[in-house]
Structures are given as structure tokens and as C-alpha cells.
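Report on the structure given below.
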Amino acid sequence: MTRTLWINARIVTCDGAVQVSAPGALDLLTEGGRIVALGADLPRGGAKVIDCGGRLMTPAPVDCHTHLVFGGDRAREFELRLEGASYEQISQEGGGIKASMRAVRGLSVEELVTASLPRLDHLLAEGVCTVEIKSGYGLSIEAELNLLRAARQLASRRKVRVVTTWLAAHALPPDYAGRAEDYIREVAIAGLEAAHAEGLVDAVDSFCEGIAFSTAELAPLYDRARALGLPVKIHSEQLSHQGGTAFAAARGAISADHLEYATAEDAALMAASGTVAVLLPGAFYMLRETQLPPVAAFRAAGVPMALSTDCNPGTSPLTSILMTMNMGATLFRMTVPECLLAVTAHAARALGLGHQTGRIAPGLAADLVLWNVETPAQLVARIGFNPLHARIFLGEIV
Ligand code: DI6
Ligand code: FE
């Protein structure tokens, strides 16, 4: 087992308040992919020593909400929105998620992997070591299974931890128009059982929205998820307030995501249920949304806030976790420490992995990044700049 002593780094543990240690003040010992010890002048005893040269060391970013596996391209919809069409209009006219559905149904698992690898590589180039990937563009049992099969394949092609999420309740496909309850039963629930039996599902998600599903339609799906022992989460209050956040918090959701139209009451419910607020500034930006998520209410209620790319072909074609942090600060007025915690400790918590990754603490995975900067502010402030020096996944420089 490789035993490595990392010396002379400026370490931000993201374990509690964000503080940067002076270079050389703390050493980090890793062994067998885990963090073993963090402290001053740790004994070298047979460990390989790596001098970090005074660079900033953080936990590796976790991208906790992506639709990274998809096919096709929707840049034309971007143009239509520039010409004045709304996201809802495009969706009602057969575009949006349904356009991606048509593209996905025409691809094999291998083709989905090939289409998605460049996006994954973009995230990894900025140090990401854990990525959540949702289904949701297949909208039939077989096509949804293929998306998660491709997600699992990606984990074997790269040094990265992939967490999969069943999101068949993302949109109603044309063959089920007007039959949401049938779709939930025949595709979302039946498919969930098949996917779970195949080991493809780590959590269950849905899109609760006027153009998607209501809480009443979603309830049977969440009941089934609970019966299978799977964690649940939700896309809620993105375009309007539909009550998805309260619905999910009542079911102990690990996260509620988007939340532009969430209220202080939603925040209080989330605080009580331990639900993480996953904020997605890429979609806010692309849709030129003006309703800000209630960051002050989350802060006041003590709801942990995460930030994620929401990488998807329509509302957030974003594959930069650094840009996401910058947007969290600029668009959502989050502080630099909040932005850093949002892509590390809180993002890990949003996936139920808070005791596995996202912090630098003994016992956790040695998922780390060395950056060619000295402070977290230098990481968040710049745009289109990647200061990555080394990505370390399970103790090994990749
Ligand atoms: N909300 C979003 O922003 C993405 N999915 C969702 O539920 C967008 C999906 C898409 O337009 O392809
Ligand atoms: Fe999403």
C-alpha cells in the first residue's frame, strides 16, 4: 500500500470553517487511498514524500447534479430563446427534453459513452473526483437503463467516482401524453425496479414542475424508492413554486435542487429534514432567470448549500466546476468560503457521501487537488482560468 506524506501545502480542509493553513504548518499522510493523518511535522516513517511547493490544497470538487450522459445537440434552441421563445414554449412544441429523448433513443450504450467522455474529461481537468450522473433523456425503460449503463461504463474508463440517479420522471414522452400516472407506474416505477435489480441506481430524482410532474403524480414513485431503500432528491421550484421541496423534505430527501422559487418556509423544512440545497447557477444564467434562489433564507436556517454544473444539453451546457463557483458568487452572492464548501463538503453531503469524500479529514478518501494559487478567492474570482496542478484520486496523482 502506497504511503505518501504531502508536505508544504496550504491546506483548506473544508471540515468546518474555511481556513487556509500556512505552507508547511500541516502535513497530510495518505495510505491505501485514504487520508490517515493531518498534523504538524508528521513522522516520515517510510512514506514517499511529496513537496507541494506552497500550493493550495483542497478536497477534490464533487459535481453533485449532472445530466452528463446524453446525445445530440440543442444549440438551435439556444438561438430560438435568443429570438424570444421561452423554455416552456420550446418544450411544449416538442423540443427541450423531448428533443434529447429522440437523440438518446438512437444511440447504443457505447455511443452514449463516446458522446459523454469529452464532457467528463472537462470536469476531471478541473479536479473533479466525484460526479453524479442522472438518467432522464430516455423516457422508456430500456433507454433509461442505457443511460445509467453508460454512466457506470464511464466510471471504468476514468479514475473517478460516479454516482447514478434514476430520473425517468423528467418529462412525459409523447406516447404518454395526458397519461402521467400511467407513465409513472409503467416506466418510472417499473424501470426503477429493473434498474435497481441491475445495480444501476444510487438514488431517485424527479422534475416537479408545471411542464413536468406534480407532487401527487410523483408520490407513488417516492413510495417505491423508499421501499427499495434508495435515497431520494428532487428538481423543485425551478420555474415556478409547485411544492416539490416540501414534498421531498417530508420524505427525508438528501437534496432539493434548483430552488429559485423556493420560500423561507421551504428553507425551514429543509433545515429540519437535513436536506441540502443544490443551487445551479448555470441553468439560471442560460435561461436568463431573474428570480434568485433564497440564499439568505438558506443561510439563516442553516441549510447547507451546494453548487453544481447541472451539465445538460439544454439549460446548462456547462462543464466547469470553477465557473460554477464563480457564478455562485457573482449571480447568487455567495461568499468565497460558501462557494468552496458548496463544491466540496456540501456537494458530497448532497450525495449522501459526506463521510466518504469532500473534506480533508482522517478516514475519508484521499481525493484532493493541488492548485497553482494560494487562496480560495483566487480560485473563485477568475473566469476561464484553470490553475489545476494535480488531481489526486484515492491517494494517486492522476
Ligand atoms: N431542469 C433542468 O434545468 C434540466 N432538467 C431539469 O429538470 C434541463 C433539462 C433539459 O432542458 O434538457
Ligand atoms: Fe438538472
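Each ligand, and each atom within it, is numbered from 1 in the order the structure gives. Given the structure is predicted, the values throughout are model-derived calculations rather than measurements.
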#### Entry: Check: T66 and R119 side chains under 4.5 Å, non-hydrogen atoms
no
Could you go through ligand 1 and note, for every N or O atom, any protein N or O atom closer than 3.5 angstrom, writing the atom names and distance to 0.1 Å, or 'none'?
from: ligand 1; atom 1: 1 (N); to: Q238; atom 2: OE1; distance (Å): 2.9
from: ligand 1; atom 1: 1 (N); to: H258; atom 2: NE2; distance (Å): 3.4
from: ligand 1; atom 1: 3 (O); to: Q238; atom 2: NE2; distance (Å): 3.0
from: ligand 1; atom 1: 3 (O); to: T315; atom 2: OG1; distance (Å): 2.7
from: ligand 1; atom 1: 5 (N); to: H170; atom 2: NE2; distance (Å): 2.8
from: ligand 1; atom 1: 7 (O); to: H170; atom 2: NE2; distance (Å): 3.2
from: ligand 1; atom 1: 11 (O); to: R74; atom 2: NH2; distance (Å): 2.8
from: ligand 1; atom 1: 11 (O); to: Y87; atom 2: OH; distance (Å): 2.5
from: ligand 1; atom 1: 12 (O); to: R74; atom 2: NH1; distance (Å): 2.7
from: ligand 1; atom 1: 12 (O); to: R74; atom 2: NH2; distance (Å): 3.3
from: ligand 1; atom 1: 12 (O); to: Y137; atom 2: OH; distance (Å): 2.6

### Query
Under 3.5 Å, is there a donor-acceptor pair between the T165 and D205 side chains?
no
#### Entry: Lys/Arg-Asp/Glu bridge criterion (N-O < 4.0 Å) met for E142, R149
yes
Atom pairs and distances, donor-acceptor, side-chain atoms in residues 249-256, under 3.5 Å, two or more places apart:
from: R251; atom 1: NH1; to: F247; atom 2: O; distance (Å): 3.2
from: S255; atom 1: OG; to: D257; atom 2: OD1; distance (Å): 2.7

### Task
Indicate whether any N or O donor in one side chain lies under 3.5 Å from an N or O acceptor in the other, for H235 and H65.
yes
### Query
So do I211 and I97 actually touch side chain to side chain, heavy atoms under 4.5 Å?
no
### Query
Does R81 pair with E289 as a salt bridge, N-O distance under 4.0 Å?
no
### Message
Under a 3.5 Å threshold, yes or no: a donor from one side chain and an acceptor from the other, between S206 and Y222?
### Response
yes
### Summary
So the protein N/O/S atoms within less than 2.8 Å of the Fe ion (ligand 2) come down to H65 NE2, H67 NE2, H235 NE2, D310 OD1
### Query
For R382, which residues count as a salt bridge (Lys or Arg N to Asp or Glu O under 4.0 Å) partner, sequence neighbours excluded?
none
